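Notes for the one structure printed next.
For the numbers below, each heavy atom of this structure counts, side chains included, while hydrogens, waters and symmetry mates do not. Please read these numbers as outputs of a predicted model, since none were measured by experiment.
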Amino acid sequence: MTGTDVQKEAEDSGPSGYAAARLRLLTEETRSGPPRRAALAELTDDWLTGLFAAGAEGLRGASLVAVGGYGRGELSPRSDLDLLLLHDGGDTKAVAALADRLWYPVWDLGLDLDHSVRTPAEARKTAGEDLKVQLGLLDARHIAGDLGLTASLRTAILADWRNQAPKRLPELQELCAERAERQGELQYLLEPDLKEARGGLRDATALRAVAASWLADAPREGLADARRRLLDVRDALHLTTGRATDRLALQEQDQVAAELGLLDADTLLRQVYEAARLVSYASDVTWREVGRVLRSRAVRPRLRAMLGGGKPAGERSPLAEGVVEQDGEVVLARAARPERDPVLPLRAAAAAAQAGLPLSLHAVRRLAATVRPLPTPWPAEAREQLVTLLGSGRPTIEVWEALEAEGLITRLLPDWERVRCRPQRNAVHLWTVDRHLIETAVRASGFTRRVSRPDLLLVAALLHDIGKGWPGDHSVAGEIIAKDVAARIGFDRHDVTVVATLVRHHLLLIDTATRRDLEDPATVRSVAEAVGSQGTLELLHALTEADALATGPAAWSSWRGSLVADLVKRVSAVLAGDAPDEPEEAAPTAEQERLALEAAATGSPVLSLRAQTEPPAGQEPSGDPEPLGVELLIAVPDQPGVLPAVAGVLAMHRLTVRTAELRSLYLPDGVDGSVLLLDWRVAAEYGSLPQAARLRSDLVRALDGSLDIAGRLAERDAAYPRRRGVVAPAARVSVHPAASRLATVIEVRSQDAPGLLFRIGQALEDASVQVRSAHVSTLGANAVDAFYVTGPEGAPLPGDEAASVARKLEETLRG
């Protein structure tokens, strides 16, 4: 029987004919999805038209209007009918009789009905008082009766909506947020509500309402398809359960998957999650745009005229090379050239996450459309920017989702595709595999002060469950993938091995601590053999806690934490050996010795600034200097205050210190005195490097006291206040008395920031200690710095004095 035959049967046979035709339509195997929903709406229209014609004989000024989902022509098998009987207020008795002729047949068939009887004025008044009513009327569609009455109401409702948008849209956003808080995020739930959860059908409808306001619009690419997939799943759920339900319960997922012709319930959930993720991202972008438009409209015309007339262009503040902030978003600078700068997506993402700002949709789409692939292995800057992004805490999540929405993550990390939107059928897990990995990195960012290699911790956190997309033990598969990824992003062989070990054994500590006898020496020895070193153990301890916290509340407790800490203490004792020998001091290069002799002869600082043009090992020459390989060599006659002076001058010139070494260099026989040699790697925050002559001039003034570095930095910060972005873990300063026989080693782990090294150097100078050597490294946004200091006589500091220096330094950095 054709669709026309089904409709004719419904028209000819009354309610029972409609019921038979409806059943026949829903059991047809040849029709599903949008065609079936549209056919069901059309069939229902025809039936209701017949009921209206029979009950409205002689009645003028009345019409039957479909609203909500039915108004959109989208009827799922068990959807309720949202109907409005509209009338001009004339013959109210006849209208009431007509309502009975319409509603009772619907109820007799057991269909859910949401109905109302109103005049246009009453409908508009109710819509003005009840946002949900207004949203339903935005999809009003004429079924039967006075077409002009329906059309005039629809025109009035749309006009009201557009006029009231500045007031109603914030109400709608709040409604969506409350529903999300109550129902959770569809893209992560094992038993999601397809309609009410965030990213579900309600949010898709809200986006249509925003578009109807003409105030802002959602990113449309893929949105209609995502909505269609969610509706298809709801159709299958209605058919398999026979109920008007929107909750996709575990026990029904296999049947729903079969109804849709999918492989299994996991495939079903993954499709649902992908659709929900797209709707959620579109919602985030749309509400951000709504906020921006409303803020701009709030500026009074007179004030706008005072600011220069018309609409002022948004102020643009630089964040990184090629990246600026504008109107509360991170956008590309006008001079940015993504097609020539493959690191730009990661640099923009890291800058956004560090500033706690979203990436603009336009910027992400431009990057996705034009950026060229990174070379293999990645350049050092790309790896640094990835680590910075991962270490940015909560803001990482939104930025990562923006990159993923446009396909940039899988282009950077192809292995990500297997874990993307992959469900975890375990009540302990709150998230899909991919979100769990990002959540683990977020948790690990809070532990970066506990480890000497925060970059390895963050990358291992990102990759620890990467093997869950492969058959077999995910830790074994993950180790193989992690080796490949770590090498591809540019880690050396040793670091690749550490990352792979962390991924392979990321469950080792928690499993051993909770399931084995820690009093048995064999247990502790086996863990020590698997881990191999103190550094890896330190990283594994932090990764274990981050992984558990990112899993869910049931995965971590103070009891579990104490067991793991006890195991780590025992394993550390096994791994501990004699204190390492004092490292041999490297002989100076010819260039270093030349600069040192010139500094000694002139009595003033001498410096050399040059870019390293040699590519990293295994990478083809690109013709571009390595972004992190700008070498700054400085030789200064040995004197107090060198470290803060150099660090302060670099901060004034907006140079970021990536690595730094400072050591005393004894001159050849016949040359009196000693020289401090600084061998640093620096990079411009944005723009070009300053001239070496300008750096030297400022350094001379800083050393003789005529340049007030602290004052200049304070003035700059006051003139250009830095955005409050990531809330980083507090700085940690520790003393390592056994690390050297000749000096006291003070280690600082802190968030990297402009002027950080200046503040540290000044604090050490104020403590009247001499910096014998310094070893500074910046790993993403984390600074891990070791200072070998002595007292005025050149001996290591007594224990209590060293502790006091460390404590005061920590207070300075936290102040």
In terms of heavy-atom contacts, T370 and P338 come closest through OG1-CB, 3.2 Å
Whether the side chain of R154 engages the backbone of L138 through a donor-acceptor N/O pair (distance < 3.5 Å, no angle test) should be reported. yes
How about E171: does its CD atom have over 12 heavy atoms from other parts shown lying under 6.0 Å from it? yes
Is the closest side-chain heavy-atom distance between D88 and D146 below 4.5 Å? no
Do you know which two heavy atoms are closest between L389 and A349, and how far apart they sit? CD1-O, 3.7 Å
Would you say the side chain of Y281 lies within less than 4.5 Å of the side chain of L361, judging by non-hydrogen atoms? yes
Nearest heavy-atom contact between D217 and A211 is OD1-CB, 3.4 Å
With Y188 via ring-ring contact (aromatic ring centres under 6.0 Å, His included) - residues at least two apart: W431
Keeping D246 on the side-chain end and L194 on the backbone end, is there a donor-acceptor pair under 3.5 Å? no
Minimal non-hydrogen separation, G322 against A336, with atom names: O-CB, 3.6 Å
Expected output: side-chain Q253 to main-chain L190 donor-acceptor under 3.5 Å: yes
Test of understanding: with side-chain hydrogen bond (donor to acceptor under 3.5 Å, both in side chains), list the residues that count as partners of S360, not counting sequence neighbours. none
Are W161 and L169 side-chain neighbours, meaning at least one heavy-atom pair lies under 4.5 Å? yes
Separation between CD (E129) and CZ (R124), nearest 0.5 Å, reads 13.0 Å
In this structure, CG of L153 is separated from CD of E122 (nearest 0.5 Å) by 11.5 Å
I'd like to know if E74 and R234 make a salt bridge, using a cut-off of under 4.0 Å between side-chain N and carboxylate O. no
Between the NE2 atom in H87 and the OG1 atom in T119, the distance rounded to the nearest 0.5 Å is 5.5 Å
Those residues that, when tested against Y70, pass side-chain hydrogen bond (donor to acceptor under 3.5 Å, both in side chains) (two or more places apart): D45
So, do L430 and E439 sit near enough that their side-chain heavy atoms are less than 4.5 Å apart? no
Between R78 (side chain) and H238 (backbone), is there a donor-acceptor pair under 3.5 Å? no
Looking only at atom types and distance, does a side-chain atom of E191 sit under 3.5 Å from a main-chain N or O of L250, one as donor and one as acceptor? yes
Just by modelled atom types, is the A123 backbone N or O under 3.5 Å from a matching donor or acceptor in the T126 side chain? no
Interatomic spacing from OG1 in T205 to NZ in K195 - rounded to 0.5 Å: 8.0 Å
Considering only NZ, NE, NH1 and NH2 on the basic side and carboxylate oxygens on the acidic side, decide whether E274 and R277 come within less than 4.0 Å. no
Between the CG atom in L40 and the CG atom in D235, the distance rounded to the nearest 0.5 Å is 9.0 Å
So W47 and V106, side-chain contact (heavy atoms from CB on, under 4.5 Å) or not? Walk me through it. CA-CA 10 Å; W47 176 51; V106 176; 4.0 Å; yes
Any chance you could measure L215, atom CG, to R162, atom CZ, to the nearest 0.5 Å? 11.5 Å
Contact list for residues 52-65, test side-chain hydrogen bond (donor to acceptor under 3.5 Å, both in side chains), sequence neighbours left out: S63-T150
Would the distance check show the side chain of R179 and the main-chain N or O of E196 forming a donor-acceptor pair, the cut-off being under 3.5 Å? yes
In a check of side-chain contact (heavy atoms from CB on, under 4.5 Å) between I143 and each of L64, L84, T44, which one passes? L64
May I ask you to decide if D160's main-chain N or O and R168's side chain share a donor-acceptor pair within less than 3.5 Å? no
I want to check something: taking the side chain as every heavy atom from C-beta on, are E289 and T286 in contact at a cut-off of under 4.5 Å? no
Shortest non-hydrogen pair, V330 vs A348, comes out as CG1-O, 4.1 Å
Please evaluate residues L75 and L81 with respect to the criterion side-chain contact (heavy atoms from CB on, under 4.5 Å), reporting the C-alpha separation (whole Å), side-chain torsions for both, the decisive distance (0.1 Å), and the verdict. CA-CA 8 Å; L75 273 186; L81 301 182; 3.9 Å; yes
Using distance alone, with no hydrogens and no angle criterion, decide if R118 and S116 have a side-chain donor and acceptor under 3.5 Å apart. yes
Under the side-chain contact (heavy atoms from CB on, under 4.5 Å) rule, what do L367 and L359 come out as? Steps first, then yes or no, please. CA-CA 11 Å; L367 290 168; L359 273 173; 5.6 Å; no
With a 4.5 Å limit on heavy-atom distance, are the side chains of Q187 and T432 in contact? no
Close side-chain approach of R36 and L26, heavy atoms under 4.5 Å: yes
Is R198 salt-bridged to D284, cutoff N-O under 4.0 Å? yes
Are L278 and D225 packed together at the side-chain level, in the sense that at least one heavy-atom pair is separated by less than 4.5 angstrom? no
Residues in salt bridge (Lys or Arg N to Asp or Glu O under 4.0 Å) contact with D82, at least two apart in sequence or another chain: none
Ion pair present between D232 and R228, side-chain N to carboxylate O less than 4.0 angstrom? yes
Measure across L319 and A355 and return the closest heavy-atom pair with its distance rounded to 0.1 Å. CD2-CB, 4.5 Å
E401 and R435: CA distance, side-chain angles, deciding distance, side-chain contact (heavy atoms from CB on, under 4.5 Å) verdict: CA-CA 9 Å; E401 288 175 348; R435 174 60 190 273; 4.2 Å; yes
Going by the rule ring-ring contact (aromatic ring centres under 6.0 Å, His included), which residues pair with H115 if we only count those two or more places apart in sequence or in a different chain? W103, W107
Should E406 and R365 count as an ion pair when the cut-off is N to O under 4.0 Å? yes
